[in-house]
Visitor: 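Dropping a structure here in C-alpha coordinates format, bear with me for questions.
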Amino acid sequence: MIEPITGRYAHIALGGRAHRIYYEEAGEGIPLLCLHTAGSDGRQYRAVLNDPEILKNYRVVAFDMPWHGKSSPPALWQRDEPYRLSTDAYTTMVMSVAHELGLERPVVMGCSIGGRIVLHLALEHARELRALIGLQSAAYVERYYDASWMDHAEVHGGRAAGGLAYGLMSPLSPDEHRWETVWHYMQGGPGVFSGDLHFYQVEGDIRSRLDAIDTRQCPLYMLTGEYDYSASPRDTEAAAARIAGAKVTIMQGLGHFPMSENPAAFLGYLRPVLDEIRRR
Amino acid sequence: MIERLAERVNGDPAIVRWGREMHETFMLEVGKTQYLVTVRAGLIERVEKGPFAMRSWRFAIRASEQCWAQFWRSPPAPGWHDLFALLRRGEVKLEGDQRVLWAYLLYLKLALAALRQ
(Lines give C-alpha, C1' and ligand atoms only; values in the text may rest on other atoms or scores of the structure.)
Protein backbone atom coordinates (compact mmCIF):
# COMPACT_ATOMS: atom_id res chain seq x y z
CA MET A 1 0.00 0.00 0.00
CA ILE A 2 1.28 3.46 -0.92
CA GLU A 3 -0.27 6.52 0.73
CA PRO A 4 -1.62 9.39 -1.41
CA ILE A 5 0.72 11.86 0.32
CA THR A 6 3.57 13.49 -1.57
CA GLY A 7 6.39 15.41 0.09
CA ARG A 8 8.44 18.23 -1.45
CA TYR A 9 10.75 21.06 -0.42
CA ALA A 10 10.00 24.73 -1.00
CA HIS A 11 12.62 27.48 -0.82
CA ILE A 12 11.03 30.41 0.94
CA ALA A 13 12.54 33.62 2.32
CA LEU A 14 11.51 34.32 5.90
CA GLY A 15 12.80 37.29 7.87
CA GLY A 16 15.15 38.09 4.98
CA ARG A 17 16.82 34.65 5.07
CA ALA A 18 16.48 31.65 2.79
CA HIS A 19 14.68 28.66 4.26
CA ARG A 20 14.24 25.14 2.93
CA ILE A 21 10.78 24.08 4.03
CA TYR A 22 9.44 20.54 3.83
CA TYR A 23 5.75 20.05 3.19
CA GLU A 24 3.39 17.21 2.45
CA GLU A 25 0.15 17.36 0.55
CA ALA A 26 -2.72 15.25 -0.73
CA GLY A 27 -6.15 15.82 -2.24
CA GLU A 28 -7.69 18.44 -4.48
CA GLY A 29 -9.98 21.36 -3.89
CA ILE A 30 -10.18 23.95 -1.13
CA PRO A 31 -6.69 24.47 0.37
CA LEU A 32 -6.44 23.33 4.00
CA LEU A 33 -3.15 24.38 5.58
CA CYS A 34 -2.29 22.42 8.76
CA LEU A 35 0.00 23.70 11.55
CA HIS A 36 1.69 21.26 13.91
CA THR A 37 2.29 21.72 17.64
CA ALA A 38 5.39 23.07 19.41
CA GLY A 39 8.43 20.84 19.05
CA SER A 40 6.82 18.40 16.61
CA ASP A 41 6.23 18.24 12.85
CA GLY A 42 3.68 17.74 10.09
CA ARG A 43 3.43 13.97 10.60
CA GLN A 44 0.85 14.78 13.25
CA TYR A 45 -1.63 15.31 10.38
CA ARG A 46 -0.99 11.89 8.74
CA ALA A 47 -4.61 10.82 9.21
CA VAL A 48 -6.07 14.00 7.72
CA LEU A 49 -3.68 13.63 4.76
CA ASN A 50 -4.90 10.07 4.28
CA ASP A 51 -8.66 10.53 4.72
CA PRO A 52 -10.38 9.80 1.38
CA GLU A 53 -13.49 11.72 2.40
CA ILE A 54 -11.55 14.92 3.12
CA LEU A 55 -9.24 14.53 0.11
CA LYS A 56 -12.23 14.55 -2.26
CA ASN A 57 -12.88 18.20 -1.48
CA TYR A 58 -9.71 19.58 0.10
CA ARG A 59 -6.08 20.03 -0.90
CA VAL A 60 -4.53 19.26 2.47
CA VAL A 61 -1.05 20.69 3.10
CA ALA A 62 1.07 20.22 6.22
CA PHE A 63 4.51 21.82 6.43
CA ASP A 64 7.29 21.42 8.97
CA MET A 65 8.16 24.77 10.53
CA PRO A 66 11.82 25.81 10.17
CA TRP A 67 13.95 23.86 12.72
CA HIS A 68 11.26 21.11 12.86
CA GLY A 69 10.90 17.74 11.16
CA LYS A 70 12.62 17.78 7.77
CA SER A 71 12.78 21.59 7.49
CA SER A 72 16.21 22.96 8.25
CA PRO A 73 17.17 25.97 10.30
CA PRO A 74 18.43 28.87 8.17
CA ALA A 75 22.07 28.51 7.03
CA LEU A 76 24.71 29.44 9.63
CA TRP A 77 22.20 29.02 12.44
CA GLN A 78 25.09 28.09 14.72
CA ARG A 79 26.04 31.78 14.92
CA ASP A 80 22.54 32.96 15.78
CA GLU A 81 20.90 33.56 19.11
CA PRO A 82 19.09 30.42 20.29
CA TYR A 83 15.83 29.72 18.42
CA ARG A 84 12.78 31.54 19.80
CA LEU A 85 9.44 31.72 18.04
CA SER A 86 7.57 35.04 17.96
CA THR A 87 4.08 36.05 16.87
CA ASP A 88 5.40 38.09 13.95
CA ALA A 89 7.73 35.37 12.68
CA TYR A 90 5.00 32.72 12.98
CA THR A 91 2.33 34.83 11.26
CA THR A 92 4.71 35.72 8.42
CA MET A 93 5.73 32.07 8.05
CA VAL A 94 2.16 30.82 7.68
CA MET A 95 1.16 33.51 5.20
CA SER A 96 4.40 33.11 3.19
CA VAL A 97 4.02 29.33 2.93
CA ALA A 98 0.39 29.75 1.81
CA HIS A 99 1.48 32.30 -0.80
CA GLU A 100 4.48 30.35 -2.12
CA LEU A 101 2.47 27.13 -2.43
CA GLY A 102 -0.30 28.96 -4.27
CA LEU A 103 -2.95 28.33 -1.65
CA GLU A 104 -5.70 30.78 -2.43
CA ARG A 105 -7.85 31.83 0.56
CA PRO A 106 -6.95 28.68 2.47
CA VAL A 107 -8.59 27.24 5.54
CA VAL A 108 -5.90 27.26 8.23
CA MET A 109 -6.05 24.66 10.99
CA GLY A 110 -3.49 24.70 13.79
CA CYS A 111 -3.02 22.86 17.05
CA SER A 112 -1.67 24.22 20.36
CA ILE A 113 0.81 26.93 19.25
CA GLY A 114 -0.99 26.53 15.92
CA GLY A 115 -4.30 26.95 17.76
CA ARG A 116 -2.92 30.19 19.19
CA ILE A 117 -1.62 31.57 15.91
CA VAL A 118 -5.01 31.07 14.23
CA LEU A 119 -6.34 33.64 16.72
CA HIS A 120 -3.62 36.07 15.61
CA LEU A 121 -4.41 35.24 11.96
CA ALA A 122 -8.09 35.95 12.67
CA LEU A 123 -7.06 39.44 13.74
CA GLU A 124 -4.50 40.24 11.07
CA HIS A 125 -5.43 38.25 7.96
CA ALA A 126 -9.13 37.43 8.12
CA ARG A 127 -9.85 38.69 4.59
CA GLU A 128 -7.24 36.41 3.07
CA LEU A 129 -8.52 33.25 4.74
CA ARG A 130 -11.61 31.17 4.11
CA ALA A 131 -11.95 29.82 7.66
CA LEU A 132 -9.86 29.11 10.74
CA ILE A 133 -9.86 25.98 12.87
CA GLY A 134 -8.13 26.19 16.25
CA LEU A 135 -7.34 22.88 17.89
CA GLN A 136 -6.54 23.21 21.60
CA SER A 137 -6.82 27.00 21.30
CA ALA A 138 -6.16 29.14 24.33
CA ALA A 139 -5.49 32.88 24.47
CA TYR A 140 -2.66 32.38 26.95
CA VAL A 141 -1.13 29.61 29.07
CA GLU A 142 0.85 30.65 32.13
CA ARG A 143 4.28 29.08 32.78
CA TYR A 144 3.53 26.27 35.19
CA TYR A 145 6.78 24.42 34.46
CA ASP A 146 10.26 25.45 33.37
CA ALA A 147 10.66 24.28 29.76
CA SER A 148 14.34 25.27 29.68
CA TRP A 149 15.21 21.95 31.36
CA MET A 150 14.46 20.27 28.04
CA ASP A 151 17.48 22.11 26.57
CA HIS A 152 20.09 21.14 29.15
CA ALA A 153 23.25 19.10 28.63
CA GLU A 154 22.44 16.82 31.56
CA VAL A 155 18.83 16.13 30.56
CA HIS A 156 18.08 14.11 27.43
CA GLY A 157 15.90 16.57 25.53
CA GLY A 158 14.17 13.90 23.46
CA ARG A 159 13.22 11.82 26.47
CA ALA A 160 12.10 14.84 28.46
CA ALA A 161 10.01 16.21 25.58
CA GLY A 162 8.54 12.74 25.09
CA GLY A 163 7.65 12.62 28.78
CA LEU A 164 6.01 16.02 28.60
CA ALA A 165 4.01 15.20 25.47
CA TYR A 166 2.96 11.76 26.78
CA GLY A 167 0.98 13.20 29.68
CA LEU A 168 -0.78 15.80 27.55
CA MET A 169 -2.63 13.03 25.76
CA SER A 170 -5.75 11.21 26.82
CA PRO A 171 -5.28 7.91 28.64
CA LEU A 172 -8.12 6.66 26.43
CA SER A 173 -6.28 7.28 23.16
CA PRO A 174 -4.85 4.17 21.45
CA ASP A 175 -1.31 3.28 22.55
CA GLU A 176 -0.17 2.94 18.95
CA HIS A 177 -0.94 6.57 18.14
CA ARG A 178 0.07 7.96 21.52
CA TRP A 179 3.56 6.50 21.14
CA GLU A 180 3.83 7.63 17.51
CA THR A 181 3.11 11.13 18.83
CA VAL A 182 5.73 10.71 21.58
CA TRP A 183 8.29 9.61 18.98
CA HIS A 184 7.86 12.83 16.98
CA TYR A 185 8.64 14.72 20.18
CA MET A 186 11.67 12.58 20.90
CA GLN A 187 13.11 13.59 17.51
CA GLY A 188 13.06 17.35 18.08
CA GLY A 189 16.31 19.35 17.95
CA PRO A 190 17.85 20.91 21.06
CA GLY A 191 16.03 24.03 22.24
CA VAL A 192 13.37 23.91 19.55
CA PHE A 193 10.43 22.82 21.72
CA SER A 194 11.29 25.34 24.45
CA GLY A 195 11.89 27.98 21.74
CA ASP A 196 8.34 27.42 20.48
CA LEU A 197 7.00 27.61 24.02
CA HIS A 198 8.39 31.14 24.30
CA PHE A 199 5.63 32.13 21.88
CA TYR A 200 3.05 29.95 23.65
CA GLN A 201 3.77 30.88 27.27
CA VAL A 202 5.32 34.35 27.06
CA GLU A 203 5.23 36.43 23.89
CA GLY A 204 2.06 35.27 22.11
CA ASP A 205 -0.43 36.34 24.78
CA ILE A 206 -3.54 37.49 22.89
CA ARG A 207 -5.95 37.97 25.81
CA SER A 208 -6.22 41.73 25.41
CA ARG A 209 -7.15 41.54 21.70
CA LEU A 210 -9.73 38.75 21.48
CA ASP A 211 -12.69 41.15 21.31
CA ALA A 212 -11.42 42.53 18.00
CA ILE A 213 -11.73 39.20 16.16
CA ASP A 214 -14.51 39.42 13.57
CA THR A 215 -15.84 35.96 12.69
CA ARG A 216 -18.15 37.48 10.04
CA GLN A 217 -15.04 38.11 7.96
CA CYS A 218 -13.58 34.70 8.64
CA PRO A 219 -15.40 31.95 10.54
CA LEU A 220 -13.58 30.49 13.55
CA TYR A 221 -14.02 26.95 14.85
CA MET A 222 -12.42 25.89 18.13
CA LEU A 223 -12.10 22.18 18.86
CA THR A 224 -10.56 21.10 22.16
CA GLY A 225 -9.92 17.67 23.65
CA GLU A 226 -11.33 17.21 27.14
CA TYR A 227 -8.10 15.65 28.53
CA ASP A 228 -5.91 18.61 27.60
CA TYR A 229 -4.71 20.43 30.72
CA SER A 230 -2.40 22.81 28.83
CA ALA A 231 -5.07 24.36 26.62
CA SER A 232 -7.97 22.98 28.64
CA PRO A 233 -11.64 23.10 27.63
CA ARG A 234 -12.03 25.85 30.22
CA ASP A 235 -9.27 27.90 28.53
CA THR A 236 -10.86 27.47 25.10
CA GLU A 237 -14.32 28.35 26.40
CA ALA A 238 -12.95 31.44 28.18
CA ALA A 239 -11.36 32.64 24.93
CA ALA A 240 -14.45 31.82 22.85
CA ALA A 241 -16.70 33.70 25.27
CA ARG A 242 -14.97 36.89 24.11
CA ILE A 243 -15.17 36.17 20.36
CA ALA A 244 -18.64 36.70 18.90
CA GLY A 245 -19.55 33.87 16.55
CA ALA A 246 -16.74 31.46 17.54
CA LYS A 247 -17.98 27.88 17.45
CA VAL A 248 -16.66 25.61 20.20
CA THR A 249 -16.65 21.82 20.28
CA ILE A 250 -15.25 19.89 23.23
CA MET A 251 -13.94 16.58 21.93
CA GLN A 252 -14.71 13.75 24.35
CA GLY A 253 -11.88 11.41 25.27
CA LEU A 254 -9.19 13.36 23.38
CA GLY A 255 -6.14 15.22 24.67
CA HIS A 256 -3.70 17.88 23.45
CA PHE A 257 -2.82 16.22 20.10
CA PRO A 258 -6.23 15.09 18.80
CA MET A 259 -5.24 14.61 15.14
CA SER A 260 -2.24 12.48 16.08
CA GLU A 261 -3.16 10.67 19.33
CA ASN A 262 -6.54 9.37 18.16
CA PRO A 263 -6.99 9.98 14.42
CA ALA A 264 -10.26 8.07 14.04
CA ALA A 265 -12.01 9.94 16.85
CA PHE A 266 -10.62 13.28 15.65
CA LEU A 267 -11.76 12.80 12.06
CA GLY A 268 -15.26 12.23 13.42
CA TYR A 269 -15.15 15.78 14.78
CA LEU A 270 -13.29 17.38 11.87
CA ARG A 271 -15.29 16.13 8.89
CA PRO A 272 -18.56 17.92 9.82
CA VAL A 273 -16.60 21.17 10.34
CA LEU A 274 -14.99 20.87 6.92
CA ASP A 275 -18.38 20.06 5.36
CA GLU A 276 -19.86 23.18 6.93
CA ILE A 277 -16.98 25.33 5.66
CA ARG A 278 -17.35 23.90 2.16
CA ARG A 279 -21.08 24.64 2.05
CA ARG A 280 -20.82 28.25 3.17
CA MET B 1 -1.11 0.94 46.93
CA ILE B 2 2.48 2.24 46.87
CA GLU B 3 3.66 -1.13 48.15
CA ARG B 4 2.70 -2.60 44.78
CA LEU B 5 5.01 -0.21 42.89
CA ALA B 6 7.89 -2.70 42.56
CA GLU B 7 5.65 -5.45 41.24
CA ARG B 8 3.97 -3.17 38.70
CA VAL B 9 7.12 -1.44 37.41
CA ASN B 10 9.71 -4.21 37.56
CA GLY B 11 7.53 -6.54 35.54
CA ASP B 12 7.12 -4.05 32.69
CA PRO B 13 10.21 -3.63 30.48
CA ALA B 14 8.44 -0.80 28.57
CA ILE B 15 8.68 1.24 31.79
CA VAL B 16 12.03 0.02 33.14
CA ARG B 17 13.89 1.02 29.94
CA TRP B 18 13.30 4.73 30.54
CA GLY B 19 14.92 4.55 33.97
CA ARG B 20 17.87 2.33 33.22
CA GLU B 21 20.46 4.99 34.17
CA MET B 22 18.55 6.01 37.28
CA HIS B 23 20.09 5.22 40.68
CA GLU B 24 18.23 7.51 43.06
CA THR B 25 16.01 7.68 46.11
CA PHE B 26 13.03 9.99 45.89
CA MET B 27 10.30 11.01 48.29
CA LEU B 28 6.68 10.28 47.44
CA GLU B 29 4.22 11.93 49.78
CA VAL B 30 0.61 10.78 49.97
CA GLY B 31 -1.03 13.23 52.33
CA LYS B 32 0.74 12.83 55.67
CA THR B 33 2.33 9.51 54.76
CA GLN B 34 5.83 9.61 53.36
CA TYR B 35 7.50 6.95 51.25
CA LEU B 36 11.09 6.75 50.10
CA VAL B 37 11.38 4.98 46.78
CA THR B 38 14.80 3.69 45.74
CA VAL B 39 15.38 3.03 42.04
CA ARG B 40 18.33 0.99 40.74
CA ALA B 41 18.75 0.82 36.98
CA GLY B 42 15.05 1.37 36.41
CA LEU B 43 13.96 -1.28 38.90
CA ILE B 44 12.17 -0.33 42.10
CA GLU B 45 14.61 -1.71 44.65
CA ARG B 46 12.89 -0.55 47.84
CA VAL B 47 9.77 1.25 48.99
CA GLU B 48 10.04 2.37 52.62
CA LYS B 49 7.21 3.90 54.60
CA GLY B 50 7.96 6.82 56.96
CA PRO B 51 8.18 8.62 59.25
CA PHE B 52 11.85 9.19 58.55
CA ALA B 53 14.57 10.82 60.65
CA MET B 54 17.15 12.80 58.68
CA ARG B 55 16.98 10.74 55.48
CA SER B 56 18.18 12.20 52.18
CA TRP B 57 16.33 12.13 48.90
CA ARG B 58 17.03 13.58 45.44
CA PHE B 59 13.59 15.02 44.71
CA ALA B 60 10.14 14.91 46.26
CA ILE B 61 6.67 14.55 44.76
CA ARG B 62 4.04 15.66 47.26
CA ALA B 63 0.25 15.62 46.94
CA SER B 64 -2.81 14.99 49.09
CA GLU B 65 -4.45 11.59 49.52
CA GLN B 66 -7.49 12.82 47.58
CA CYS B 67 -5.30 13.97 44.70
CA TRP B 68 -3.53 10.62 44.39
CA ALA B 69 -6.87 8.79 44.66
CA GLN B 70 -8.03 10.76 41.62
CA PHE B 71 -4.74 10.19 39.79
CA TRP B 72 -4.85 6.44 40.43
CA ARG B 73 -8.46 5.97 39.23
CA SER B 74 -8.76 3.96 36.04
CA PRO B 75 -9.43 5.68 33.80
CA PRO B 76 -8.56 8.94 35.54
CA ALA B 77 -10.80 11.96 34.96
CA PRO B 78 -9.54 14.77 32.67
CA GLY B 79 -7.11 17.05 34.49
CA TRP B 80 -6.16 14.31 36.99
CA HIS B 81 -4.44 11.96 34.57
CA ASP B 82 -0.83 13.14 34.56
CA LEU B 83 1.82 14.46 36.95
CA PHE B 84 1.96 17.78 35.07
CA ALA B 85 -1.85 17.94 34.97
CA LEU B 86 -1.68 17.91 38.79
CA LEU B 87 1.07 20.54 38.61
CA ARG B 88 -1.02 22.91 36.53
CA ARG B 89 -3.97 22.62 38.91
CA GLY B 90 -1.61 23.25 41.86
CA GLU B 91 -2.29 19.84 43.43
CA VAL B 92 1.27 18.53 43.42
CA LYS B 93 4.57 19.96 44.68
CA LEU B 94 7.80 18.99 42.94
CA GLU B 95 10.78 19.73 45.19
CA GLY B 96 14.49 19.05 45.23
CA ASP B 97 16.68 18.32 42.23
CA GLN B 98 14.56 19.32 39.24
CA ARG B 99 17.28 18.25 36.82
CA VAL B 100 16.98 14.60 37.82
CA LEU B 101 13.20 14.81 37.80
CA TRP B 102 13.27 16.10 34.21
CA ALA B 103 15.86 13.51 33.18
CA TYR B 104 13.51 10.72 34.28
CA LEU B 105 10.19 12.44 33.67
CA LEU B 106 8.86 9.80 31.28
CA TYR B 107 9.91 6.97 33.61
CA LEU B 108 8.33 8.64 36.64
CA LYS B 109 5.06 9.34 34.83
CA LEU B 110 4.80 5.75 33.59
CA ALA B 111 5.83 4.28 36.95
CA LEU B 112 3.29 6.30 38.94
CA ALA B 113 0.52 5.60 36.42
CA ALA B 114 1.32 1.86 36.67
CA LEU B 115 -0.37 1.89 40.07
CA ARG B 116 -3.78 2.44 38.43
CA GLN B 117 -6.16 -0.45 39.00
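Throughout, protein chains are lettered first and strands after them, A, B, ... in sequence-line order, and every chain is numbered starting at 1.
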Visitor: If you count heavy-atom pairs under 4.5 Å with chain A, which of B:Gly79, B:Ala77, B:Ala103 comes out on top?
Guide: B:Ala77

Visitor: Cation-pi check for B:Phe26 against B:Arg58: NZ or CZ below 6.0 Å from the six-membered ring centre and within 45 degrees of the axis, yes or no?
Guide: no

Visitor: I'd like to know which of A:Glu154, A:His152, A:Met150 tops the heavy-atom pair count under 4.5 Å against chain B.
Guide: A:Glu154

Visitor: Which residue is it: A:Phe266, A:Tyr227, A:Tyr185, A:Tyr45? I am looking for the one with a ring pair (Phe, Tyr, Trp, His ring centres under 6.0 Å) to A:Phe257.
Guide: A:Tyr185

Visitor: May I ask you to name which of B:Leu105, B:Leu94, B:Asp82, B:Leu108 has the most heavy-atom pairs under 4.5 Å with chain A?
Guide: B:Asp82

Visitor: Which word best sums up how the rings of A:His120 and A:Phe199 line up, parallel for under 30°, tilted for 30 to 60°, or perpendicular for over 60°?
Guide: tilted

Visitor: Under a 4.5 Å heavy-atom cutoff, which of A:Asp228, A:Asp235, A:Val182, A:Val141 has the most pairs with chain B?
Guide: A:Asp235

Visitor: Counting only heavy atoms not in A:Arg84, do more than 12 sit closer than 6.0 Å to its CZ atom?
Guide: no

Visitor: Please classify the contact of B:Leu101 with chain A as side chain, backbone, both or neither, using a heavy-atom distance under 4.5 Å.
Guide: neither

Visitor: Can you tell which part of B:Trp18 gets under 4.5 Å to a heavy atom of chain A, answering side chain, backbone, both or neither?
Guide: both

Visitor: When rounded to the nearest 0.5 angstrom, what is the spacing between CZ in B:Arg4 and CD1 in B:Ile44?
Guide: 14.5 Å

Visitor: Do B:Arg89 and B:Trp80 form a cation-pi contact, if we require the NZ or CZ to be under 6.0 Å from the six-membered ring centre and within 45 degrees of the ring's axis?
Guide: yes

Visitor: For the candidates B:Tyr104, B:Phe84, B:Tyr107, which exhibits the highest count of non-hydrogen atom pairs separated by less than 4.5 Å from chain A?
Guide: B:Phe84

